[in-house]
Every structure is written in C-alpha cells, then in structure tokens.
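Any value given below was found using the heavy atoms of this structure, including those in side chains, with hydrogens, waters and symmetry copies removed. Both ligands and their constituent atoms are indexed starting at 1 by order of listing.
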Amino acid sequence: MTLIDSDPDTGLAPLKFAVAKNLAAKTPAERDAILANPGFGTHFTDHMVDICWSVGGGWHRPRVQPYGPIAMDPAAAVLHYGQEIFEGIKAYRHADGSIHTFRPDQNGRRLQRSARRLALPELPVSYFIQSLRELIAVDGAWVPGGADQSLYLRPFMFAKEAFLGVRPAHKVNYYVIASPAGAYFKGGVQPVSIWLSEDYSRAGKGGTGAAKTGGNYAASLLPQSEAYENECDQVVFLDEKRNVEELGGMNIIFVYKDGRIVTPQSESILEGITRDSILQLAIDRGHHVEGRAVSIGEWREGVASGDIVEVFACGTAAVVTPIGVLKGRDFLDEQPVGELALSLREELTDIQYGRREDRHGWLLRLDD
Ligand SMILES: *Cc1c(COP(=O)(O)O)cnc(C)c1O
C-alpha cells in the first residue's frame, strides 16, 4: 500500500504569536493532582492557540490565550452546516524530561486534505507544527510523565462567519486545545468486542469519509449506541459493497497465517497515521503488507478457516487494540488473538516514549 509521503511546505516565515498568560492558571499542586489521574478528555490545560482566517486577510492574529469559552454569533455557520475539521496528536514526555510529538507533518498534511474536502482554508504545515510548539511553550508542564500517559493535542478549525446562506465561510478560526491523557487500558490491553453495523454506514462513495470531520462522528453515534445495546464496545462499518471500512475512529488490520498483513483501502476510509506507522514497522520486520478491499465474507470465512490469525484496530488514542469478538444480528464470531498486535504496539510506543531508536525520524522535539 502507499504509505503517506512526507512533504511539509517550507520557506514560510514563522508566525508571530501574541501570548496572553492565564492569570487564573492552575497551581502546580492542582495540576499535579489532575496529572496523577487524568482520565481522557475531561481536563484541559491553562491555554489554547487561536488563529483567525478570512478571505481578505488570510491567516492572521495568531495568539496563545487563556483556555476558555469561544464567543460566537448564534448564526455562526458551523452551528448550522457543520463546516468543521480536527486532528488528534499526542505529546510524550521522555525519561530525560524532554517533550516530543510523533509525525506532526502527517497530521498537518491530513488537516490540509480535510480542509480541502470541507471547503475550509488550508493551514500551512509549518504553521500547524508551530501552533503545537507555541502551546507546549506555555503548557509543557501539563505533559504527564507516567507510564503510557501523554498530553493529547486537539487542533480544530471551523466556520465562524455569521451567515445563514449555504457557501464556504469567509471567516474561519483554527484552535489547539490540550488534554492530559492517562493510560488508555488500565491493567493491560484488553481485546474489544465489535458490533457489525448492517443498517448504517459512516461514509459513502464521494462523501467525507476520508476527512477528519465532526459530521462523520455524528453519523457514527447512533450505530455506536446500537453496539452498546448489543453489549459491544465498538462498531465496524461496511461500504455499499459489504467491504469492511473501519471502526468509528480507528482503522482495522488483519493478520494472515502466512504472515501477510491486509488493511482495507478505499476512498471513504480515514488514513490513520498509527496504521501507516504500524504497517511500516511490520514491513521492516519482513511482513508483506497489502491495502485492498476486504469483504465481510473474507473476514468471517478467514477466521473460520484459520487463515486469519489476528485482527486489531489502531488509532492515536488507544494505539493498538486487539479485536476479541465480532458480533452481528445473527452471529457471534470469536476472533483469534495472536502476539503481533501487542508486539507492534510495544515497538511503536517504545519509539514514541524514546525507549527505542527512532530509525524513521518520526519524532519531533517540541520543547527546544
Ligand atoms: C483519527 C481517526 C483514525 C485514526 O487515525 P490516527 O491518525 O491513527 O489517529 C481512524 N479513523 C477515523 C475515522 C479517525 O477519525
């Protein structure tokens, strides 16, 4: 499969950020209490990045300001037509205290692809990376140092123009907020159960499936509730030809008994950077990797015949999650659990946390 190539724009002068310190920032003691048990997505750091864009003015007014509510007009286009995109990327604290992030050029380029599809302005990759650095410069102390902990960075962009006409907004804002994240799996990685969504899809041909946009998540919430009703943790979606796409927010990978690794490829799947990295590590180990259509029939028959020896999901939040059960309206298939998913997970997290050589040059130090 084609691995995402790297080509950040160069030659742009950095932005000059205005920094307004949060006078009500948490005390070190309050922060430490949060970092001792951060959970996921409930606590936020003291500051956020905010950059404006307009048709006439381009990117302007870059600033770091106290974290807090965003004032906007009730007619802001995002509230009506959902013109919004986002990213998800982590900052990791290494044993020597330094702070690093993982392949930010890839997230920057994906934000640009998402922007193109949602008719939003493309933030230069160098500005994207600078925005992460600027936030870490003021909130670096929020990067936790415990096992499997990280600071989850959430860049996002939306249509802020007050206008109820339907067209791409002329005023847009880009933000970065950050939330400390604890170990995703407490007490070791647990296989998850997956509900096969037969009535709903998350994306369609020519739609927005490959863009990281809120609307795709909105479309996945009802099938996700159906998964919970059926005692499953997550949903897997099919396309109109009954080929496997992905989970609501993670890509899926199949391991065959001859060592081949196969992942669904289509225009409506979001190209995960975790998946790309895991596949690269598997290639390095000598595995043959294929990106192609995988039908639900191939999955079920492959597991039944013993041809498929492992199935797992991957994404930035949980990194790698083995799939233990696939459940549909009239079947329940136990999934074979192998060693490869966890061994690739360990290799990847070792690189991210600086415990193993970064031979692909994937890490970027943020606090220098
Ligand atoms: C973000 C996301 C993924 C995983 O992408 P990573 O870059 O690995 O975090 C997979 N599927 C969807 C729908 C996503 O939004």
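Near Arg110, meaning under 4.0 Å from one of its heavy atoms, ligand 1 places the atoms 5 (O), 6 (P), 7 (O). Ligand-side atoms of ligand 1 in range of Arg202: 13 (C), range being under 4.0 angstrom from any heavy atom. With ligand atoms numbered from 1 in the order given, ligand 1 contributes 2 (C), 12 (C), 13 (C), 14 (C), 15 (O) to contacts under 4.0 Å with heavy atoms of Tyr217. Below 4.0 Å from some heavy atom of Gly248 lie the following atoms of ligand 1, by number and element: 13 (C). Per-residue contacts place Gly272 under 4.0 angstrom from the following atoms of ligand 1 (heavy atoms of the residue considered): 5 (O), 6 (P), 7 (O), 8 (O).
The protein heavy atom nearest to atom 2 (C) of ligand 1 is Lys212 NZ, 2.6 Å. Given atom 12 (C) of ligand 1, the protein heavy atom at minimum distance is Glu246 OE1, 3.3 Å. The single protein non-hydrogen atom nearest to atom 8 (O) of ligand 1 is Thr274 OG1, 2.6 Å, given as residue, atom name and distance. Distance from atom 9 (O) of ligand 1 to its nearest protein heavy atom, with residue and atom name: Thr316 OG1, 2.6 Å.
With salt bridges taken as basic N to acidic carboxylate O contacts below 4.0 Å, one links Arg329 and Asp199. The pair Arg103-Asp105 fails the salt-bridge criterion, with no side-chain N (NZ, NE, NH1 or NH2) lying under 4.0 Å from an Asp/Glu carboxylate O. A salt bridge links Asp284 with Arg359: at least one charged nitrogen is closer than 4.0 Å to a carboxylate oxygen.
Arg300 forms a cation-pi arrangement with Phe331, by the criterion of a distance under 6.0 Å to the ring centre and an angle within 45° of the ring axis.
Thr274 places a side-chain N or O within donor-acceptor distance of the main-chain N or O of Thr316, the cut-off being under 3.5 Å.
For atom 10 (C) of ligand 1, the candidate residues are Gly249, Gly88, Gly315; the nearest heavy-atom contact is made by Gly249.
Put simply, no part of Gln106 is less than 4.0 Å from ligand 1, judged by heavy atoms. Residue contacts with ligand 1 leave out Gly209, since none of its heavy atoms falls under 4.0 Å from the ligand.
Taking the six-membered ring where the residue is Trp, Tyr353 and Tyr92 present perpendicular rings, their angle passing 60° and hence far from 30°. The aromatic rings of Trp59 and Trp53 sit tilted, their planes meeting at an angle between 30° and 60°.
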Could you go through Phe158 and Phe86, starting from their C-alpha distance and side-chain angles, then the distance that decides it, and tell me whether this counts as ring-ring contact (aromatic ring centres under 6.0 Å, His included)? CA-CA 9 Å; Phe158 64 81; Phe86 66 95; over 10 Å; no
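Under 4.0 Å from ligand 1, the heavy atoms of Met250 that appear belong solely to its backbone.
Evaluated for a side-chain hydrogen bond (donor to acceptor under 3.5 Å, both in side chains) with Glu87, the options Lys212, Arg154, Arg110 yield exactly one hit, Arg110.
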